[in-house]
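What follows is one structure encoded as structure tokens, with my remarks underneath.
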Amino acid sequence: MKKVISTLMFLALIPLSSYTLSMPSMPKFGAKPEPESEAKEPAASAADSQDALVSQFKDTLSSILLAQKYLAIAFDQADQASQLDAEMTSLEGDCGKDCLARATKVSVDANKSIGKKLDAQAEISAEGKANYLLAIPPYIKGTLSAKDLATAAADWGKQATGEIKSAGMMNAPKLKKKLDSGMYVAQQTPKLIKNWATATKQLATYAKASDIDLGAVEGASDFDFGD
């Protein structure tokens with residue numbers, strides 16, 4: 001009996017708040033119910049969004065390749081024009097990292113070759129000037145879309161790098177291989193945009209020196225050639 005009394009006395013000394021169950025608060029009368037928070041959809045993983053990035057890259061690169069093809073024809077570089085045409089076709093199919101790298105190399109090589117012609121102000125025929133003008137619309141389209149591509153590639157690359165680091169030593173190599181096409185795009189896009197920016201000014205400078213009226217091309221008057 002003494003043991004029971006001692007226990008009861010001990011419980012009585014414990015503050016009531018320490019073991020009181022908290023009851024859910026009742027809404028105040030007349031108060032508007034708080035809206036339920038909408039469940040946020042989880043952000044797409046880098047693997048899920050990789051195809052969209054690669055597709056964006058292919059579309060941009062295809063426009064530049066088409067412009068370079070017309071420029072190659074304008075400067076009587078038939079072999080190079082054929083190469084550029086072949087790479088445009090390859091981009092339309094299932095084009096992985098190796099395919100993207102090959103198309104990029106062909107474009108970079110063409111940029112250098114055409115750039116030399118532009119800097120030297122090589123003469124072209126009337127037909128050549130017509131092809132020169134045909135190169136301007138796809139070039140404008142490609143360089144304008146490159147702005148969005150630059151942002152998308154930077155954001156995706158940051159996300160992919162973070163996911164690879166978080167994957168752990170065992171899974172990181174496998175994930176890195178799975179994301180190789182997207183990582184290639186993220187790494188190469190800044191370099192390509194820099195090359196295209198240089199070529200843009202060259203195109204305007206050459207046109208002026210060769211009496212080629214770029215103003216006759218739709219959209220060219222509003223485009224910043226950096227001249």
Side-chain angles (χ1 to χ4, degrees), residues 52-92 95 100 102-155 185-227:
L53 176 66
V54 171
S55 178
Q56 189 175 359
F57 178 81
K58 286 163 58 175
D59 287 345
T60 301
L61 183 57
S62 291
S63 294
I64 299 297
L65 288 170
L66 179 58
Q68 291 174 328
K69 173 188 170 182
Y70 283 125
L71 291 171
I73 294 173
F75 289 111
D76 294 323
Q77 297 177 318
D79 290 343
Q80 190 168 70
S82 180
Q83 272 188 309
L84 290 161
D85 194 48
E87 293 310 319
M88 279 190 290
T89 301
S90 70
L91 289 176
E92 294 173 358
C95 187
L100 295 175
R102 186 182 65 246
T104 299
K105 184 179 185 307
V106 170
S107 179
V108 170
D109 290 345
N111 201 54
K112 292 178 181 178
S113 177
I114 294 168
K116 290 179 181 179
K117 295 287 185 180
L118 293 171
D119 286 339
Q121 295 186 1
E123 291 187 12
I124 54 177
S125 63
E127 184 179 354
K129 290 182 179 181
N131 280 292
Y132 194 97
L133 289 173
L134 288 175
I136 303 304
Y139 192 84
I140 291 176
K141 179 182 178 182
T143 51
L144 289 178
S145 65
K147 295 179 181 179
D148 293 333
L149 174 63
T151 301
D155 291 344
V185 170
Q187 292 165 0
Q188 293 299 316
T189 294
K191 303 175 187 177
L192 287 174
I193 291 177
K194 185 177 180 180
N195 287 334
W196 296 339
T198 301
T200 301
K201 188 173 182 178
Q202 289 176 315
L203 286 172
T205 302
Y206 180 90
K208 284 184 177 180
S210 304
D211 294 324
I212 300 175
D213 183 14
L214 296 184
V217 179
E218 184 178 357
S221 299
D222 299 324
F223 183 72
D224 182 12
F225 283 94
D227 51 340

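Hydrogens, waters and symmetry mates are skipped; everything else that's a heavy atom, side chains included, is used.
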Check your understanding: If you measure from NZ on Lys201 to CG on Asp224, what distance do you get to the nearest 0.5 Å?
Key -> 10.5 Å

**Study point:** Closest heavy-atom pair and its distance - Ala74, Gly128
**Key:** CB-O, 3.2 Å

Study note, to complete from the structure: CG (Leu65) and CD (Gln83) are apart, to the nearest 0.5 Å, by 11.0 Å

Practice item. Output, in order, the C-alpha distance, side-chain angles, deciding distance and verdict of side-chain contact (heavy atoms from CB on, under 4.5 Å) for Leu118 and Thr205. Key: CA-CA 8 Å; Leu118 293 171; Thr205 302; over 6 Å; no

**Study point:** Nearest heavy-atom neighbours spanning Leu61 and Ala103
**Key:** CD2-CB, 4.0 Å

Practice item. Can you establish whether the number of heavy atoms outside Lys129 located under 6.0 Å from its atom NZ is more than 12? Key: yes

**Study point:** Selection residues 56-65 - residue pairs positive for side chain to side chain donor-acceptor pair (under 3.5 Å), sequence neighbours left out
**Key:** Thr60-Ser145

Check your understanding: Could you give the distance from CG (Leu53) to CG (Leu149), rounded to the nearest 0.5 Å?
Key -> 6.5 Å

Indicate every side-chain donor-acceptor pair of residues 131-139 with a distance under 3.5 Å to a residue at least two apart or in another chain.
residue	atom	partner	partner atom	Å
Asn131	ND2	Glu127	O	3.1
Tyr132	OH	Leu203	O	2.7
Tyr139	OH	Trp196	O	2.4
Tyr139	OH	Thr200	N	3.2
Tyr139	OH	Thr200	OG1	3.0

Study note, to complete from the structure: Tightest non-hydrogen contact, residues Ala72 and Leu84, listed as CB-CD1, 4.3 Å

Check your understanding: Are the side chains of Tyr206 and Ile114 in touch, meaning some heavy atoms are under 4.5 Å apart?
Key -> no

Exercise for review: Go through the steps to decide whether Ile193 and Thr143 satisfy the test side-chain contact (heavy atoms from CB on, under 4.5 Å), and finish with yes or no.
Suggested key: CA-CA 8 Å; Ile193 291 177; Thr143 51; over 6 Å; no

**Study point:** Stepwise side-chain contact (heavy atoms from CB on, under 4.5 Å) test for Leu214 and Phe223
**Key:** CA-CA 10 Å; Leu214 296 184; Phe223 183 72; over 6 Å; no

**Study point:** Separation between NZ of Lys112 and CG of Asn195, rounded to the nearest 0.5 Å
**Key:** 8.0 Å

Practice item. Carefully, step by step, assess Glu87 and Leu91 under the rule side-chain contact (heavy atoms from CB on, under 4.5 Å). Key: CA-CA 6 Å; Glu87 293 310 319; Leu91 289 176; 5.6 Å; no

Study note, to complete from the structure: Residue set satisfying salt bridge (charged side-chain N to carboxylate O under 4.0 Å, His left out) with Asp213, at least two apart, ordered chain then number -> none

Check your understanding: CG/Leu71 to NZ/Lys117 distance, rounded to the nearest 0.5 angstrom?
Key -> 12.5 Å

Exercise for review: Taking all non-hydrogen atoms of both residues into account, name the closest pair between Gln80 and Asp109 and its distance.
Suggested key: NE2-O, 4.0 Å

Practice item. Enter the distance from Gln202:CD to Lys116:NZ here, rounded to the nearest 0.5 Å. Key: 12.0 Å

